[in-house]
Amino acid sequence: MAKLTLAQLERHLFAAADILRGTMDAAEYKDYIFGLLFLKRINDEFEAARKRIVKAELTKGKSPEDAAAVAERSPAYTAQGVIFVPAEARWERVLGGVAKINDDFLQPAFQALMAEKSNGKLKGLFDHITFSRIGGGGGTSSSADLADKRLKALIQHFDGLDLRGENFEFPDMIGAAYEYLIKEFADSAGSKGGEFYTPRAVVRMMVELARPQPGMRIYDPCVGSGGMLIHAKEYIDEHGGDSRDLDFGGQDANSGSWVMATMNLLFHGVKSFELHTGDTLTTPLHTDGSGRLQTFDLVLSNPPFSMDYDKALIGDEGIADRMPHGATSERGKADLMFLQHMLSMVRDSGRDGTVISVMPHGVLFRGSTEQEIRTKLLDADLVEAVIGLAPNLFYGTGIPACVLVLRAPGKKSPERRGRVLFINADREFHKESAQNVLLPEHVEKIVSTFHAFKDVPDFARVVSRDELAANDDNLNIRRYVDNTPPPEPQDVRAHLTGGVPRVEIEAKKSLLDSYGLGLGDLFADGGGEYVDFLPEPERPDAARLAELAKPREAALWSGFERWWAAEAEQIAGLVPVYGDDRTDGERRAQLVRVRADLLETFREHLERVGLLDHYALAGSIVGWWQAARYELMALAGNGFGGVVDGWVEMVETMLLPERDPRTGGGRKRSGAERRQAYDHKVVAAIVPEFLEELAAADARKAELDARWKAAQAAEAAATGGDADGDSDADADADAAPAEPLLSAADLAKLKRDRTKANAAVKALEDDFWPLDSDGQSKVLGLDAGQDQGEGQQTLGDQLPRLHRARAALDEAGEREAVLGVLRDDLAAKLTGHVVRRRRELVAAYGVWDGKYAVSLREIEARRAEAADRLERMLKELGYAG
């Protein structure tokens with residue numbers, strides 16, 4: 001059986017939420033899902049460790065009784081980095097609960113976990129969770145019964161997965177799945193999601209601005225779900241550093257956020273961290289034994305926007321110590337107070353002493369005490385960069401935000417002292433239905449510009465302290481980098497007499513050069529200040545422009561194929577081979593090297609073509625890596641065959657009846673759900689002929705369905721009824737039918753053909769994977785309670801076509817399938833940029849055509865001609881002399 005894939009784990013976790021969906025808000029029931037996920041995970045790891053301990057003790061000659069006794073002591077688990085689970089918290093005990101599950105099983109389990117001396121980081125972690133609320137509250141017997149029913153379903157649902165690390169397709173999978181679940185809850189929670197979740201593209205950008213290093217102490221005063229800290233760790237891992245010696249600190253006023261962050265760090269294998277619950281502004285809890293604030297090297301945070309606060313609770317001493325540049329108004333103006341607190345946490349840092357924080361735009365230009373604080377921050381040379389972001393990037397607010405980069409006193413590099421970089425990235429986003437998002441190319445553009453610390457026209461500018469002072473220390477980004485597009489030029493002469501101004505075409509020179517196009521390809525060039533449109537038959541439309549774009553696009557794709565042919569071996573080199581003794585750390589290091597090399601060579605090879613710029617190419621390869629990284633991790637651990645097996649099991653999961661966790665029953669997959677399963681990339685990779693045959697069968701069925709519908713309509717029109725046989729009093733009985741009436745024999749034959757076509761589609765689908773839910777169970781040899789993957793997967797002597805295709809793959813076929821899918825995924829990323837670039841070309845020509853294709857003289861001539869025709873017509877009719 002293949003190892004559990006990330007997609008399967010994510011689907012299982014999301015299905016757990018379905019058990020509670022509708023009974024309460026996502027912001028509430030997420031705590032129960034997270035709590036049970038944590039309990040099941042630590043129990044599975046504990047049981048695996050217990051077996052290892054017993055085996056080791058037996059090997060030493062201990063009796064089974066003595067070995068079991070050692071396995072009941074916490075030190076043996078602490079030595080392995082495993083959480084010790086006391087008897088009251090064992091999964092078998094929780095699973096056996098039937099009645100009073102909250103009072104007699106779950107609460108005692110979590111209390112025992114928190115009371116265990118070796119589990120210090122869990123102290124108080126589950127105090128706020130009351131599982132009895134799942135029944136709807138009220139304390140009635142009916143609500144208690146309902147709570148027991150839902151809890152039993154939830155526990156049994158989690159019991160269906162083995163969450164040991166060795167069962168995962170790559171080591172960090174539980175952390176990745178937890179991050180997925182947090183995002184899903186943030187999406188469901190709407191505006192409340194912003195209280196604990198910052199979009200990961202924004203977090204990623206902030207981390208890449210910071211470039212954290214091994215050994216750092218990193219802090220987030222509004223830690224939320226811990227995403228800033230986790231991504232700092234992942235950045236170091238991705239760049240070949242050792243993240244094990246990182247030390248994290250965080251605080252949040254919301255106890256639920258503290259719980260999420262703690263679990264997030266534990267799931268990601270973080271050992272050294274200190275998280276607290278409490279108001280950071282009034283009561284910072286990261287202090288040493290004498291009450292002094294602890295020192296960190298890096299602060300990353302997204303504090304709540306425009307929050308109220310109470311100066312009295314901070315106290316004069318607290319303000320003087322942590323907010324030395326001044327106090328803002330208490331009503332909705334806590335932003336700069338948070339920022340000053342962050343600076344106070346890095347002022348004694350031995351490293352960069354960097355603060356990177358999301359802030360509302362108001363802090364950049366509001367007057368009064370906020371202006372005074374800005375002036376003091378600038379005078380102390382603490383502000384390094386101001387980065388404006390697009391609107392509607394964050395949950396709960398559509399307003400644009402900014403990211404401020406500050407350094408502790410004296411920590412700015414010499415070449416940046418006395419200067420501030422302004423980046424106006426409010427046009428860098430991709431619009432989606434509910435929320436704008438940052439794509440990898442947007443992040444790359446912002447990050448590379450920040451690290452270069454140079455002017456970029458209409459995007460970034462380095463501004464001196466003197467210029468800021470001359471503007472009263474107003475940091476409104478548009479004062480320094482106005483990226484408002486210039487008004488579309490309108491040439492009066494061209495509007496009057498025709499032609500296109502050469503200067504307007506030259507303004508698009510970089511776009512035309514990227515396609516290798518000259519004036520003569522688009523216009524008739526007479527050599528003057530104006531060029532003429534080509535004659536109408538030769539004038540470029542969208543299709544003609546696509547033809548003109550083909551040579552340069554072909555050069556790009558040729559370069560891409562050469563690059564892939566050269567670099568695919570690096571990816572193949574990740575696969576473990578017989579006798580491979582590489583450790584997990586060595587495999588991770590190899591993955592880091594492959595990533596760095598692929599990113600560099602991809603940009604180098606394709607930038608030479610000149611079609612796409614550095615940011616588009618970087619966005620393509622970085623976006624592909626981020627999407628494929630878990631598959632590449634699985635490849636490094638399990639080989640090509642393991643990746644294919646994981647994909648195939650994912651398709652099976654999508655085709656098997658969906659189990660109802662509440663009842664234990666199953667629901668057959670709908671036609672749309674099955675088609676979604678067929679769209680999985682592994683189907684096209686290993687059994688493309690099925691998709692071709694299914695498409696042909698679908699087309700034949702659609703053709704016959706259309707003919708049947710037309711025949712029914714013709715029959716209805718002839719008989720005075722409608723297509724369904726109902727009469728229509730308003731129908732025009734004399735109207736001719738759209739289709740000729742069929743004879744009874746032809747109609748019967750059409751009906752038989754349509755039935756056969758429908759059966760052909762069903763036969764193809766049934767052969768690929770049985771349609772009937774009972775057949776599904778026969779295929780897998782499963783009863784309703786067995787887990788997927790157990791038993792002999794046969795239906796009589798015939799394997800489903802999906803399995804036949806998998807079984808037919810040898811090692812070379814597995815390699816071809818996996819590398820083919822990875823190549824196609826990257827090609828799809830690149831295609832998006834190629835299409836967008838071509839649209840720029842079409843749009844540019846469309847603007848010139850729309851403005852100047854018809855001049856005023858032509859309009860007047862056409863009007864005169866039309867008036868003359870009208871006059872002649874009136875004369876012919878005798879209405880004019």
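Since this is a predicted model, take the numbers as computed values, not measurements.
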- request: Measure from the side-chain N and O atoms of H286 to the backbone N and O of E274, and report whether any donor-acceptor pair falls under 3.5 Å.
  value: yes
- request: Dump the intermediate steps for side-chain contact (heavy atoms from CB on, under 4.5 Å) on L37 and F158, then the final yes or no.
  value: CA-CA 7 Å; L37 172 65; F158 275 105; 3.9 Å; yes
message: More than 12 heavy atoms of other residues, nucleotides or ligands under 6.0 Å from CD of E317: yes or no?
response: no
- prompt: Among side-chain atoms of E179 and N264, is any donor-acceptor pair under 3.5 angstrom?
  reply: yes
- request: State plainly whether the residues R347 and D321 are in salt-bridge range, i.e. N to O under 4.0 Å.
  value: yes
task: Before accepting this row, confirm whether a basic side-chain N of the pair D237/K233 lies closer than 4.0 Å to the acidic partner's carboxylate O.
output: yes
- prompt: Are the side chains of L246 and V270 in touch, meaning some heavy atoms are under 4.5 Å apart?
  reply: no
message: Checking the side chain of T277 only, and the main-chain atoms of W258 only, is there a donor and an acceptor separated by less than 3.5 Å?
response: no
message: Strictly distance-based, threshold 3.5 Å: is any side-chain N or O of N254 a donor or acceptor partner for the main-chain N or O of S257?
response: yes
field: F168 side chain near L163 side chain, heavy-atom distance below 4.5 Å
entry: yes
message: Quick check against the 3.5 Å criterion: does R374 have a side-chain atom that pairs as donor or acceptor with the backbone of D473?
response: yes
task: Could you label the plane-to-plane angle of the F126 and F38 rings as parallel, tilted or perpendicular, counting under 30° as parallel and over 60° as perpendicular?
output: tilted
task: Could you check if a side-chain atom of I230 sits within less than 4.5 angstrom of a side-chain atom of F267, using non-hydrogen atoms only?
output: no
field: Donor-acceptor pair between R204 and H231 side chains, under 3.5 angstrom
entry: no
- request: Go through R595 and H239 one step at a time and tell me if the side-chain contact (heavy atoms from CB on, under 4.5 Å) criterion holds.
  value: CA-CA 9 Å; R595 176 186 184 276; H239 289 77; 3.9 Å; yes
- prompt: Checking Q251 side chain against L285 main chain: does a donor-acceptor pair fall under 3.5 Å?
  reply: yes
query: Are the side chain of R244 and the backbone of G269 linked by a donor-acceptor contact shorter than 3.5 Å?
result: no
message: Pair V403, I356 - check side-chain contact (heavy atoms from CB on, under 4.5 Å), show working.
response: CA-CA 7 Å; V403 170; I356 301 180; 3.6 Å; yes
field: Test item: D279 side-chain N/O and A253 main-chain N/O as donor-acceptor pair under 3.5 Å
entry: no
- prompt: Between P221 and H341, what is the shortest heavy-atom contact and its length?
  reply: CB-CD2, 4.0 Å
With E370 via salt bridge (Lys or Arg N to Asp or Glu O under 4.0 Å) - residues at least two apart: R366
task: Under the side-chain contact (heavy atoms from CB on, under 4.5 Å) rule, what do F394 and T198 come out as? Steps first, then yes or no, please.
output: CA-CA 7 Å; F394 297 88; T198 301; 3.9 Å; yes
- prompt: Hey, are the side chains of L113 and I42 touching, using non-hydrogen atoms and a 4.5 Å cut-off?
  reply: yes
message: Rounded to the nearest 0.5 Å, what separates atom CZ in F185 from atom OH in Y197?
response: 13.0 Å
query: Taking R322 for the side chain and A320 for the main chain, is one N or O donor matched with an acceptor at less than 3.5 Å?
result: no
- line: ring pair (Phe, Tyr, Trp, His ring centres under 6.0 Å) filter on F602, not counting sequence neighbours, yields W563
message: Using the ring centroid of each side chain, check whether H361 and F365 are separated by less than 6.0 Å.
response: no
query: Any side-chain heavy-atom pair from W624 and L598 closer than 4.5 angstrom?
result: yes
query: Would you say the side-chain atoms of D288 pair up with the backbone N or O of Q294, donor to acceptor, closer than 3.5 Å?
result: no
statement: One should read off an interatomic distance between T280 OG1 and D220 CG, to the nearest 0.5 angstrom, of 8.5 Å
- prompt: Does atom NZ of K412 have more than 12 heavy-atom neighbours from other groups under 6.0 Å away?
  reply: yes
task: Could you tell me whether R164 and D44 have a side-chain N and a carboxylate O separated by less than 4.0 Å?
output: no
- prompt: Which distance, rounded to the nearest 0.5 Å, do you find between the CD1 of I319 and the CG of L281?
  reply: 10.0 Å
field: Interatomic distance, M216 atom CE to T354 atom OG1 [nearest 0.5 angstrom]
entry: 6.5 Å
- prompt: Taking atom types as modelled and ignoring hydrogens, do the side chains of E208 and H451 form a donor-acceptor contact shorter than 3.5 angstrom?
  reply: no
message: Could you measure the distance from the CD atom of Q340 to the CD1 atom of I373? Nearest 0.5 Å is fine.
response: 4.5 Å
field: Short side-chain to backbone donor-acceptor contact, D297 and G353, under 3.5 Å
entry: no
- prompt: For H325, what residues pass the ring pair (Phe, Tyr, Trp, His ring centres under 6.0 Å) criterion, not counting sequence neighbours?
  reply: none
Residue pair E384, R407: steps toward the salt bridge (charged side-chain N to carboxylate O under 4.0 Å, His left out) verdict: CA-CA 7 Å; E384 182 164 291; R407 306 281 186 186; 2.9 Å; yes
